[in-house]
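The block underneath contains the structure these notes are about, expressed in structure tokens.
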Amino acid sequence: MGSGEENSLFETRKDKARHIRRLYAVSLSVAICFVWAFRLTHIPAKGEAGKWAWLGLFVAEVWGGIYWIFYQALRWNMVYRTTFPNRLTPRYESRFPGVDIFVFTADAVVEPPMMVINTVLSVMAYDYPAEKLSVYLSDDGGSDVTFYALLQASSFAKHWIPFCKRFKVEPRSPAAYFNTVASTKSEDHNYVKHLATIHKLYEEMKRRVEEATKLGVPSEARSKHKGFSQWDSYSSPRDHDTILQILMHKKESEGSKDVDGCTLPTLVYMAREKRPHYHTNFKAGAINALLRVSSTISNGKIILFLDCDMYSTHSKSVKDALCFFMDEDKGQEIAYVQFPQCFHNIGKNDLYANAISDIVQVELHGFDGFGGPLFIGTCCYLRRDALWWKKFSREYKNDWNDQNENEVTEVNLHELEEESKALANCSYEKNTLWGKKIGSIYGCLVEDVITGLQMHAHGWKSVYYNPSISAFSGVAPTSLLHTLVQLKRWGEGHMQLTLSKFRPKWYGDQKINICLLLGYWHHNFFAITSLSVLYYSIIPSLYILKGVSLFPKISSLWCIPFICVTVGEIAYSLIEGLSMGGSIQGWWNGTRMWLYVKTSSFLFSLIDGILGFFGHPNSSYSLTSKVIDDDVAQRYKKEVMEFGTSSPYFTVLATLALLNLFCLLLTLKDLVLQKGTFAAEKMTLQVLLCGVLVVINIPLYQAIFVRKDKGRMPTSVSIKSTAVAFTACVFFKLFN
Ligand SMILES: O=c1ccn([C@@H]2O[C@H](COP(=O)(O)OP(=O)(O)O[C@H]3O[C@H](CO)[C@@H](O)[C@H](O)[C@H]3O)[C@@H](O)[C@H]2O)c(=O)[nH]1
Ligand SMILES: [Mn+2]
């Protein structure tokens with residue numbers, strides 16, 4: 001067996017800038033130590049004002065410094081991967097493994113069926129042998145409209161897939177493709193003719209599906225397809241039998257061929273059983289039901305997980321993933337190949353920092369350098385064996401021979417359906433290891449991260465592949481509240497992971513590289529950082545009102561470490577942002593979101609995480625909406641922040657913003673009235689901090705005081721926040 005470079009199916013490169021990054025990290029840690037030293041050597045004496053505030057800042061800075069080490073760990077050893085699919089195909093084509101694709105949807109309103117089937121069609125049209133490809137749609141919404149849409153998609157696929165293959169179409173989501181070709185002209189008449197036909201078919205399908213979304217499934221369609229009868233016993237999305245339909249199967253004698261007579265991939269619809277007294281376990285529950293169902297129908301050795309909004313933008317990505325799994329030298333230890341989540345609805349300046357560029361462009365590469373990226377739930381190819389049995393052993397060998405080639409005839413297709421249905425029932429998992437040791441782990445809102453961590457702890461590796469042509473594209477939230485709520489869920493999920501009963505064992509497992517662990521901690525401790533950021537954005541500002549200095553004098557040498565840390569961090573994040581193709585405005589927006597997420601989302605994550613730990617779980621999963629009103633969309637396009645509804649998130653943000661504004665205004669007033677000759681020297685840094693917080697919050701003041709549109713801050717929130725902030729300032733100035 002050759003294991004030479006020229007035989008490898010992939011290559012790993014180290015980050016070219018790693019030496020500079022490391023030099024920066026080391027220098028800045030020296031500065032951080034000086035900040036700590038200043039705090040320790042200048043503690044106000046007993047009886048002096050501000051002693052407790054001082055100690056609080058010290059704690060915040062110590063935590064900030066430790067957390068900064070986790071952050072740097074993810075930048076210490078970044079690696080980049082390249083694949084060689086042209087070496088893969090000649091060597092392995094005949095032995096390509098079965099690939100099962102799981103698409104998840106949970107609500108036909110916030111995840112419109114048209115979006116769902118576009119994702120399904122994009123992966124059905126993969127450049128991969130159709131007889132080895134199976135696509136499963138898990139519908140936690142149990143919606144007959146989604147089923148109807150999938151049925152429509154299965155007919156449309158018979159035209160769409162041959163069209164894609166004939167004209168080498170990319171991307172293979174029809175909606176995305178028609179969008180891109182709308183503006184291009186072609187001289188090829190044959191293509192133009194076919195394009196017109198297929199576009200017309202698509203529009204007709206779209207009209208039917210959208211009509212059904214508004215008016216319900218037409219009765220004619222209901223009577224035509226036996227699958228709809230399964231909704232007879234359906235009472236609500238939370239209370240129904242398992243609904244399962246194999247819409248296409250490679251062994252079916254008719255109906256699963258395209259218009260050119262070629263086999264089409266297997267296509268299955270599943271809405272697992274739901275009962276009010278059984279916890280659904282959200283997406284993790286859906287994953288496990290599909291794992292079992294697919295094991296009887298196709299049992300693909302590789303599984304791709306996709307959220308319903310994440311369509312494929314590159315039909316060859318499956319082969320890229322196989323380059324890792326099938327590599328003779330390192331392939332057998334790889335449990336999953338994570339691709340980045342990319343989004344097509346993000347504006348030029350990424351108003352809500354939804355591109356999560358720091359995670360997908362930097363940190364996942366950093367994880368990869370130490371044994372593998374965390375699993376982010378979507379755009380990820382996994383090895384069924386690793387998900388199922390978890391433990392990795394040195395004896396594990398890649399074996400791509402298909403054992404599930406049992407003959408399926410049309411007669412037993414029905415039996416197969418019935419057999420699979422039983423596997424998606426609520427009671428199936430009772431007294432089993434599902435959700436604990438097998439499949440996706442339960443009890444955590446980031447089921448993906450906890451499942452990936454478990455695989456790492458059991459000795460598996462993972463790989464991050466960030467190709468130059470992106471492989472998937474999805475929908476990011478487009479309103480501030482959606483973003484904050486999504487991040488609150490993530491923060492809470494990580495809290496649950498940190499506090500979970502499994503955690504100490506996994507963390508303690510020798511198999512996890514310590515640096516990888518530091519990287520995990522950077523994410524796991526998301527919520528805890530909210531406390532130090534909150535402290536930093538409230539206390540120093542309030543203390544200005546009393547003229548109590550909490551930072552070194554501007555003339556003192558102790559200022560240097562503070563300035564170095566601040567300027568260093570700003571410069572670093574700015575350079576990082578720009579090098580990822582972002583703009584200066586984008587970086588500034590990102591900084592604002594960093595503050596908003598830490599002070600609101602993560603605060604709520606922390607509270608709910610702790611309540612959950614003490615037995616008051618708030619067990620809801622707030623699904624991220626993939627649709628918004630036109631009005632909101634317009635403002636998003638214009639990069640105007642969206643408030644519009646009263647929400648505790650906004651109350652927190654507005655209160656903080658106003659508090660800083662009041663502190664700054666009162667200070668300026670004192671300065672102007674010359675009361676402040678005292679302050680200039682010793683208060684400069686503190687006033688600067690407060691000033692920066694005010695400048696960052698400008699969009700919030702506009703939303704409170706200036707804007708008239710529907711997205712402005714609701715009056716009730718403004719009043720509440722003003723009252724709280726003002727009282728705090730007055731109270732602090734007069735009584736404290
Ligand atoms: O009970 C549920 C809830 C959600 N989903 C699906 O899970 C996916 C993710 O939900 P979404 O609301 O879009 O959450 P996001 O925050 O965007 O998801 C990110 O974070 C999740 C939790 O970490 C991961 O599972 C996702 O893959 C990752 O994209 C969607 O396809 C849903 O349809 C279900 O199937 N069942
Ligand atoms: Mn999503």
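Atoms within a ligand are numbered from 1 in the order they appear, just like the ligands themselves.
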Checklist entry - About how many Å separate OG of S312 and CG of L121, when rounded to the nearest 0.5 Å? => result 11.5 Å

Next on the checklist: If I take atom OG from residue S440 and atom CD1 from residue I287, how far apart are they, to the nearest 0.5 angstrom?
Outcome noted: 4.0 Å

Checklist entry - Where the side chain of Y464 meets the backbone of V360, is there a donor-acceptor pair that is under 3.5 Å apart? => result yes

For ligand 1, does [X] get within less than 4.0 Å through its side chain, its backbone, both, or neither, judged by non-hydrogen atoms?
X    : result
F305 : neither
L445 : backbone
M310 : neither

Does the ring of [Y] carry [X] above it, NZ/CZ under 6.0 angstrom from centre and within 45° of its axis?
X    : Y    : result
R383 : W460 : no
K283 : F104 : yes
R489 : Y621 : yes

Checklist entry - Would you call K348-E639 a salt bridge at under 4.0 Å N-O? => result no

Next on the checklist: Looking at D385 and K301, is there a salt bridge between them, counting it only when a charged N and a carboxylate O are closer than 4.0 Å?
Outcome noted: no

Ligand 1 atoms in contact with [X] (distance to a heavy atom under 4.0 Å):
X    : answer
T378 : 27 (O), 29 (O)
Q486 : 15 (P), 16 (O), 17 (O)
D140 : 1 (O), 2 (C), 34 (C), 35 (O), 36 (N)
G377 : 27 (O)
I376 : 26 (C), 27 (O), 28 (C)
E447 : 22 (C), 24 (C), 25 (O)

Hey, is ligand 1 close enough to [X] that some N/O pair sits below 3.5 Å?
X    : value
D448 : yes
K626 : yes
L623 : no
R489 : yes
A106 : yes
R272 : no

Checklist entry - Heavy atoms only: which of Y621, F104, F375 is nearest to atom 10 (O) of ligand 1? => result Y621

Measure the distance from [atom] to every protein heavy atom, then report the residue, atom name and distance (to 0.1 Å) of the closest one.
atom                    : answer
atom 1 (O) of ligand 1  : F282 CA, 3.2 Å
atom 26 (C) of ligand 1 : D307 OD2, 3.2 Å
atom 32 (C) of ligand 1 : E111 OE2, 3.4 Å
atom 20 (O) of ligand 1 : W490 NE1, 3.3 Å
atom 7 (O) of ligand 1  : K283 CD, 3.2 Å
atom 12 (O) of ligand 1 : T624 N, 2.7 Å

Describe, in one word, how the ring planes of [X] and [Y] are oriented to each other, choosing from parallel (under 30°), tilted (30 to 60°) and perpendicular (over 60°).
X    : Y    : answer
H522 : F526 : perpendicular
F643 : F650 : perpendicular
F339 : F472 : perpendicular

Next on the checklist: In this structure, does ligand 1 have an atom that sits under 4.0 Å from one of the heavy atoms of C308?
Outcome noted: yes

Checklist entry - Can you find a pair of side-chain heavy atoms, one from S462 and one from F375, that are under 4.5 Å apart? => result no

Next on the checklist: Against D239, only a single residue in K274, R275, H277 fulfils side chain to side chain donor-acceptor pair (under 3.5 Å); can you say which?
Outcome noted: R275

Item to check | Heavy-atom neighbours of I469 CD1 exceed 12 at 6.0 Å | outcome: no

